[in-house]
Structures are given as structure tokens and as C-alpha cells.
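See below for the structure under consideration.
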Amino acid sequence: MDAAFNINLAKATNEALQARGYRALNHRDETFLGDVQFVSVYKFYETRKSAMIYMAMLGLPTGPAYDPSDLMAINIFGRTTLSNMVAYSHRIGSRFSLMPYATYLLNVEDKVSARVPLNEEDSLPDINSEQTVSRSIGNTAVIGSNVFYELSDSWTFGAAYEASQKKENQYRGDRDSRYDLLSKNTQSAAQRVKGEVTYSTVKSYLDKSKKIPLMFSCEVSDVIAGMNY
């Protein structure tokens, strides 16, 4: 018992990870460029009280590549994606507006290095299991709605609820390996609530009462229910 309590768990864990070819777990301070996004918005129509838009967002793999040997890597960058959103905005009274929306995120198949488990019990595959695989990240569907309150031309407060569903990832390779184990628990679902406050000089700029258009926004969100999220 004394020997067990005297074990340095952090040191022993890193030694076990490094023996399998993983990077050590330690403090890091990193700055890097993420995936660059290009956005295009098309307005179907607009009236005094309502409007409907389509927004396409193309994500390019400019961020860090997937790293199977780093358990601390975020590993959500280096992807090519296309997000499609349709939103409808309707003003209720003079200050409130409701904006329901639906989004579908498409992921383009790519090739990454991955450690393929030998079996269900192989939770930390060693470096010899690493190989190049074709990866198809599951697409994600989102529905939700925002409610906005315009306190003035400059200040807006908002609240939102959204539900999302992501399909299971798929992996393929040219070896006789358990690629199906890489897909395990990769499907997910979530329900999220949001709150936000925005300060904007855009309207004042268009009215020529402000010299430059600026917008500052703070958003706080929380997942209230989910699976594998």
C-alpha cells in the first residue's frame, strides 16, 4: 500500500504514453491559424417586417492537421467543410424579432494518419498501428431559433435554443484492420441554449451619425443535454 501511494501518477502516466509513442501530457501555450472560412449570403426577399436569407460558409483546411499521437491535440481543424444555412427573420412589434434557422454541415472526405486499434480492448494503440486512412466525418444537421430585443439602434440582446445531430464518422484503409473501431461513439447529439449582447454602430453609420461601422458581440452558451458531445 505504501508503495502504491508513493507512485507519481503524472510521471507514470507520461512514461506509459511515451512508451507507446504518444506525446507527453504537460502545460502548453499555443497560438496557431485555424481553418479559414469564406462566407456568402444571398437574400431571397426582404420586407419591412420579415426577411429570408441563405448563407454558405466554405471552410478550408488551413489549420493544424489531425495528430493521432497527441492526446491533447484539439483535432477539429484541417478539414474542408461546407455549411448551408437558411434563416427567416420576422419582426414582432417594434423591438422584438424572431429568427428560426436550419443548418446542414457537409464534410469533404480526406486522408489522415490514424492509429487503428487491434480490438475493442486496445484503447491506446501503439505507434506501430499508425497508418493513412480515408476519413468521412459525419455530417451535422442543426435546427434552432433566436429571439432578439433591440434596446436601441446600438444595443441588442438575444437568446437562442438549438438542437443538433451528427452522423457517425466512417474510415477506410487498404489493410486488414479494425477501421470500424475508429467510428465507435463518433455520432453525437446536443441541445444548447445561448445568450448574447451586441453593440453595433452599423445603423448609426448608415445614418451618417457615426464615422465608422463597428460591432462587438459577446455570446455565452451551454449544452443542456447531449450524447457523445
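Predicted model, so just to flag it, every value in this text is computed and none were measured. Count residues from 1 along the sequence.
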When you look at L98 and S145, which way does the side-chain contact (heavy atoms from CB on, under 4.5 Å) test go after all the steps? CA-CA 7 Å; L98 182 67; S145 181; 3.4 Å; yes
Taking it one step at a time, do E150 and K203 satisfy salt bridge (Lys or Arg N to Asp or Glu O under 4.0 Å)? CA-CA 12 Å; E150 296 181 12; K203 288 186 178 180; 3.4 Å; yes
Evaluate the salt bridge (Lys or Arg N to Asp or Glu O under 4.0 Å) criterion for residues E120 and K184: first the C-alpha distance (whole Å), next the side-chain angles of each, then the deciding distance (0.1 Å), finally the verdict. CA-CA 10 Å; E120 288 81 357; K184 190 176 180 180; over 6 Å; no
Between I127 and Y22, is the side-chain contact (heavy atoms from CB on, under 4.5 Å) condition met? List the steps. CA-CA 8 Å; I127 196 169; Y22 291 93; over 6 Å; no
For I212 and T201: C-alpha separation, side-chain torsions, deciding distance, then whether side-chain contact (heavy atoms from CB on, under 4.5 Å) applies. CA-CA 7 Å; I212 55 175; T201 66; 5.5 Å; no
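The two residues A114 and P68 have their closest heavy-atom pair at CA-CB, 4.0 Å. Pairing each heavy atom of V223 with each of A225, the nearest pair is CG1-O, 3.2 Å. Annotation for D35 and G78: closest pair OD1-N, 2.9 Å, computed over non-hydrogen atoms. Summarising the geometry of T62 relative to G34, their closest heavy-atom pair is OG1-O, 2.7 Å, with the distance given to 0.1 Å. Looking at every heavy atom in both residues, N169 comes nearest to G138 through OD1-N, 2.9 Å.
With sequence neighbours left out, E46 forms a side chain to side chain donor-acceptor pair (under 3.5 Å) with K43. Every ring-ring contact (aromatic ring centres under 6.0 Å, His included) that Y42 has, sequence neighbours left out, goes to F44. When the side chain to side chain donor-acceptor pair (under 3.5 Å) test is applied to K210, no partner is found at least two apart in sequence or on another chain. E219 meets the salt bridge (Lys or Arg N to Asp or Glu O under 4.0 Å) test with no other residue; sequence neighbours excluded. Partners of Y149 under the ring-ring contact (aromatic ring centres under 6.0 Å, His included) rule, at least two apart in sequence or in another chain, are F96. In this view, S177 and Q131 satisfy the side chain to side chain donor-acceptor pair (under 3.5 Å) rule, not counting sequence neighbours. Evaluation of the side chain to side chain donor-acceptor pair (under 3.5 Å) rule for T47 yields S50 as partners, not counting sequence neighbours.
L206 and M215 fall within a single hydrophobic cluster, where Ile, Leu, Val, Met, Phe, Trp and Tyr side chains are chained together by heavy-atom contacts under 4.5 Å. When the side chains of ILVMFWY residues are joined at heavy-atom separations under 4.5 Å, either directly or via intervening members, V147 and I92 end up in a single hydrophobic cluster. Put simply, V197 and L151 are part of the same group of oily side chains (I, L, V, M, F, W, Y) that touch within less than 4.5 Å, one to the next.
To the nearest 0.5 Å, atom CG of residue L181 and atom CG of residue N119 are 7.5 Å apart. Rounding to the nearest 0.5 Å places OG of S209 at 8.0 Å from CG of D153. Put simply, CZ on R172 and CG on L182 are 13.0 Å apart, with the number rounded to the nearest 0.5 Å. Note that CD of E196 and OG1 of T156 are 8.5 Å apart. Values are rounded to the nearest 0.5 Å. Rounding to the nearest 0.5 Å places CD of Q165 at 10.0 Å from CD of Q191. Taken to the nearest 0.5 Å, the OG1 atom of T80 stands 7.5 Å off from the CG atom of L58.
The closest donor-acceptor contact from the side chain of D222 to the backbone of V193 lies at 3.5 Å or more, if one exists at all. A distance-only check finds a donor-acceptor pair linking the side chain of K166 to the backbone of T186 [under 3.5 Å]. For N139 (side chain) and N107 (main-chain N/O), a donor-acceptor pair under 3.5 Å exists by modelled atom type. No donor-acceptor distance shorter than 3.5 angstrom exists from the side chain of T81 to the backbone of V108, with no hydrogens or angles considered.
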What side-chain donor-acceptor pairs closer than 3.5 Å can you find for residues 69-76, not counting sequence neighbours?
{"unit_1": "S69", "atom_1": "OG", "unit_2": "R115", "atom_2": "NH2", "d": "2.9"}
{"unit_1": "D70", "atom_1": "OD1", "unit_2": "R28", "atom_2": "NH1", "d": "3.2"}
{"unit_1": "D70", "atom_1": "OD1", "unit_2": "R28", "atom_2": "NH2", "d": "3.0"}
{"unit_1": "D70", "atom_1": "OD1", "unit_2": "M72", "atom_2": "N", "d": "3.0"}
{"unit_1": "D70", "atom_1": "OD2", "unit_2": "R23", "atom_2": "NH1", "d": "3.4"}
{"unit_1": "D70", "atom_1": "OD2", "unit_2": "R28", "atom_2": "NH1", "d": "2.6"}
{"unit_1": "N75", "atom_1": "OD1", "unit_2": "D67", "atom_2": "N", "d": "3.0"}
{"unit_1": "N75", "atom_1": "ND2", "unit_2": "D67", "atom_2": "O", "d": "3.3"}

Pair up each side-chain donor or acceptor in residues 13-20 with any protein partner under 3.5 Å, not counting sequence neighbours, and list the distances.
{"unit_1": "T13", "atom_1": "OG1", "unit_2": "L9", "atom_2": "O", "d": "2.8"}
{"unit_1": "N14", "atom_1": "OD1", "unit_2": "L25", "atom_2": "N", "d": "2.7"}
{"unit_1": "N14", "atom_1": "ND2", "unit_2": "L25", "atom_2": "O", "d": "3.2"}
{"unit_1": "R20", "atom_1": "NH1", "unit_2": "L124", "atom_2": "O", "d": "2.7"}

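At a cut-off of 3.5 Å, with distance as the only test, a side-chain donor of K111 or S134 sits close to an acceptor on the other residue. No side-chain donor-acceptor contact under 3.5 Å links E168 and S183. If you check the side chains of R192 and S221, you find a donor sitting under 3.5 Å from an acceptor.
Using a 4.5 Å cut-off on side-chain heavy atoms (C-beta onward), S129 and D122 make no contact. When side chains are defined from C-beta on, M227 does not count as touching S188, because their heavy atoms never get closer than 4.5 Å. Looking only at side-chain heavy atoms (C-beta outward), V116 and P125 stay at 4.5 Å or farther from each other. Counting heavy atoms from C-beta on, the side chains of Q187 and N228 come closer than 4.5 Å.
Cluster note: F148 groups with V39, V41, I53, M55, M57, M85, M99, Y101, V142 through ILVMFWY side-chain heavy atoms spaced under 4.5 Å, whether in direct contact or through intervening members.
More than 12 heavy-atom neighbours from other residues, nucleotides or ligands sit within 6.0 angstrom of OH on Y45. The neighbour count for K167 NZ, taken as heavy atoms of other residues, nucleotides or ligands under 6.0 Å away, does not exceed 12. More than 12 heavy atoms of other residues, nucleotides or ligands sit less than 6.0 Å from atom OH of Y54.
Residue pairs meeting the ring pair (Phe, Tyr, Trp, His ring centres under 6.0 Å) criterion with at least one member in residues 155-193, sequence neighbours excluded, are W155-Y199. Evaluation of the ring pair (Phe, Tyr, Trp, His ring centres under 6.0 Å) test over residues 61-88, restricted to residues two or more places apart or in two chains, returns F32-F77.
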